[in-house]
Amino acid sequence: MSNLTVTREQVLAELNSVPMLPHSASRVLEISNDPDHSMADISRVAETDAILTAHILKVVNSSAFSLSQRVDSLERAISYLGKNVIVGIVLSYSLSALYDKPLEGYASQKGALWAHGLRTALASKEIVKFTSGKHYANVAYTAGILHDLGKSIISKFMDGSVRELISSVENGTAADFLDAERVLLGTDHCEVGAELAKLWSLPDSLREVIRYHHRPRLADETYRPLVYAVHLGDMISMMGGLGTGADSMNYQLDSTYPDYVDISEDQLTELWFAVEQEFNKTKSVLFGDEEGDEQ
Amino acid sequence: MTDILLGVGELGAANTPGDRLRTLALGSCIAVIILDAKTKTAGMVHVVLPLSKTNPEKASNLPGYFADTGIPTLIKAMGKMGCNENGKGKIVKLVGGAQIMDPNNTFNIGKRNLLAIKKILWKYRLGVIAEDVGGNISRSVAVDLGTGKIKISTPGRDEWEI
């Protein structure tokens, strides 16, 4: 690898320059993580943040909904949009600095990380229904959007090394792209993402997903059904062509997944189909009809 | 020179030299490309899943989504542009059908797509003369109508041709 000067410590030190998550965003994530939450709880938090309120109203009044009357009440907007879209708006607003840029280290275009995260979110929310962790449906969605958070941090340290990373996977020096990241940087997008989640005080469930979505068998037993669901959701998103770039589909499927996810091949195919339709709909609601899925 | 961009499950054919048929980020999907030498027509379908029985309604709205409805519909579309509606004089190339790293092949939709596609092509007595399939990379494809060349790209690598 060409970039021998980068150390794990340098990569982790980069986290100090990442802006903190806005308070309203952490609260919305915390609330939506609680299975007993109500839409009114989310509305109370959103109304304390003028920019977030403006984003929500902009989406509900966008052409995607073609409403006959303008919606000016936040509460109405939230109940109309539903919690998954609200979580999507909150995250797109608070993660824009990290997600709205091309990832040079993965040779991927602007918007690819979002498209991949959203598709993973929608797949994970469905897959978790085939586990013992059905109550994690909302968390699976949020976790799906966030799972590759670390890529936005480590990307710049891999800039210029993309070809070496690819070759090391192809010639078998690295077991997969995650392993290649570790060889180059002494860390990987899972560890760095989990460290950022810790810094942001995200709930344990989300941290476990971010850390172990490529190695679900290592996750804490409590969250394992959730982590396996996002692991498979990530795979489905990649198979649909929506990876994040040069890493493409170079990740290992954890062969122990049937111990936690009871899904047949036919069910998987049906799910794939449903996810794609939902993805196209949600993507146009959140981002308009701009082309965001070219890798 | 026009780029005709085919989305997921879409199909199209063209015969204007200089135009290109393109499709993006195939993943485990497969682009079936049919070239008709006599009329200089190229057709392409972005196949997502093998069999239309998964969702007959989708198959009637978007036949290209499935191998068993996509290929016959593409051949018909090419027929309207003056090509024979059989295999005569046609060249077929395939691109895509990648998979994640899964030694047990549990999730290998790419391979299932490939088998279904070859079975249907066989019915038309069409053989595949070139393919760039499998592996762990998501490919994008551009078919140049003038030259019949097929360019393949994926992030982080140089473009290549089949």
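We name chains A, B, ... by the order of the sequence lines, and we start the count at 1 in each one. As the structure is a computational prediction, the values presented were derived from the model and not from experiment. When reading the values below, keep in mind they use all heavy atoms of this one structure, side chains included, and skip hydrogens, waters and symmetry mates.
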- Item | Stepwise side chain to side chain contact (heavy atoms under 4.5 Å, CB included) check, A:His213 with A:Cys190 | CA-CA 8 Å; A:His213 65 271; A:Cys190 298; 3.6 Å; yes

- Task: Check the pair A:Ser161, A:Glu164 against side-chain hydrogen bond (donor to acceptor under 3.5 Å, both in side chains), reporting the backbone distance first and the verdict last.
- Result: CA-CA 5 Å; A:Ser161 304; A:Glu164 286 121 299; 4.5 Å; no

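Within the 4.5 Å cutoff, the side chain of A:Ser132 has heavy atoms near those of the A:Pro225 side chain. Inter-residue side-chain proximity for A:Ile236 and A:Leu271 is flagged as met; some heavy-atom pair is nearer than 4.5 Å.
Using a cutoff of 4.0 Å between basic side-chain nitrogens and carboxylate oxygens, B:Asp68 and B:Lys123 are not scored as salt-bridged. Salt-bridge annotation for A:Glu14 and A:Lys156: present, with a side-chain N of the basic residue lying under 4.0 Å from a carboxylate O of the acidic one. One finds a salt bridge joining A:Arg182 and A:Asp188 here, because a Lys/Arg side-chain nitrogen approaches an Asp/Glu carboxylate oxygen to under 4.0 Å.
Across B:Cys29, B:Gly96, B:Gly156, the residue that shares the most heavy-atom pairs under 4.5 angstrom with chain A is B:Gly156. Each of A:Arg163, A:Glu270, A:Met235 has some count of heavy-atom pairs under 4.5 Å with chain B, and the biggest count is that of A:Arg163. Comparing B:Asn136, B:Asp102, B:Asn104 by heavy-atom pairs within less than 4.5 Å of chain A, the highest count is held by B:Asn136.
The side chain to side chain contact (heavy atoms under 4.5 Å, CB included) search around B:Thr16 returns B:Asp19, not counting sequence neighbours.
When heavy atoms are compared at a cutoff of 4.5 Å, B:Asp158 approaches chain A by way of both its backbone and its side chain. Heavy atoms of A:Tyr106 lying under 4.5 Å from chain B belong exclusively to its backbone. Contacts between B:Arg112 and chain A at a heavy-atom distance below 4.5 Å involve the side chain alone, from C-beta outward.
When atom types are taken as modelled, the side chain of A:Tyr141 and the backbone of A:Asn84 share a donor-acceptor pair closer than 3.5 angstrom.
Contacts between residues 38-56 of chain B and chain A, counted as heavy-atom pairs separated by less than 4.5 Å, involve B:Val48, B:Leu49, B:Thr54, B:Asn55.
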